[in-house]
Amino acid sequence: MAEAVQIERVAKKTQEQTAEICFPRRTLARIDALAKRTSLSRNLLINQAVEHSLEDLEDIYLAEQVLEEIKTGKQKVYSLEEVEKELGL
């Protein structure tokens with residue numbers, strides 16, 4: 001069963017919003033255990049995890065989009081030899 005956690009962060013100079021997320025109890029227990037071991041807040045750990053994962057997801061989805069553009073001919077691929085020739089190397 002999932003447990004809802006409300007993530008809040010005090011904004012100093014930036015606009016931030018609150019979101020409610022449901023975590024499986026086991027995941028939340030892991031977050032809480034890490035928070036206790038590191039003396040970091042649950043909020044900070046969740047924000048760090050989301051930011052890190054979001055960066056990875058952005059890279060994955062962008063790569064998939066470029067791959068599709070290559071497959072459909074919307075984007076050209078150059079060989080190393082072509083690049084070296086163009087650059088005079």
Qualifying residue for side chain to side chain donor-acceptor pair (under 3.5 Å) with Gln75, from Gln65, Glu69, Glu68: Glu69
Let me check something: do Leu62 and Ile60 share a hydrophobic cluster, defined by ILVMFWY side-chain heavy atoms less than 4.5 Å apart, either directly or through other members? no
Distance (rounded to the nearest 0.5 Å) between [X] [atom1] and [Y] [atom2]:
X: Leu54; Y: Asn47; atom1: CG; atom2: CG; answer: 11.5 Å
X: Cys22; Y: Glu20; atom1: SG; atom2: CD; answer: 6.0 Å
X: Tyr78; Y: Glu84; atom1: OH; atom2: CD; answer: 15.5 Å
X: Thr38; Y: Leu45; atom1: OG1; atom2: CG; answer: 5.0 Å
X: Leu34; Y: Arg30; atom1: CG; atom2: CZ; answer: 9.0 Å
X: Asn43; Y: Ile31; atom1: CG; atom2: CD1; answer: 10.5 Å

Within a radius of less than 6.0 Å around CD of Glu64, do more than 12 heavy atoms belonging to other residues, nucleotides or ligands occur? yes
In this structure, are over 12 heavy atoms from other groups packed under 6.0 Å from Lys76 atom NZ? yes
Do you know the tightest heavy-atom contact between Val77 and Glu82? O-OE1, 4.1 Å
Ala35 and Ser41 have their tightest heavy-atom pair at CB-C, 4.3 Å
State whether the side chain of Ser53 and the backbone N or O of Val50 hold a donor-acceptor pair below 3.5 Å, judged by distance alone. no
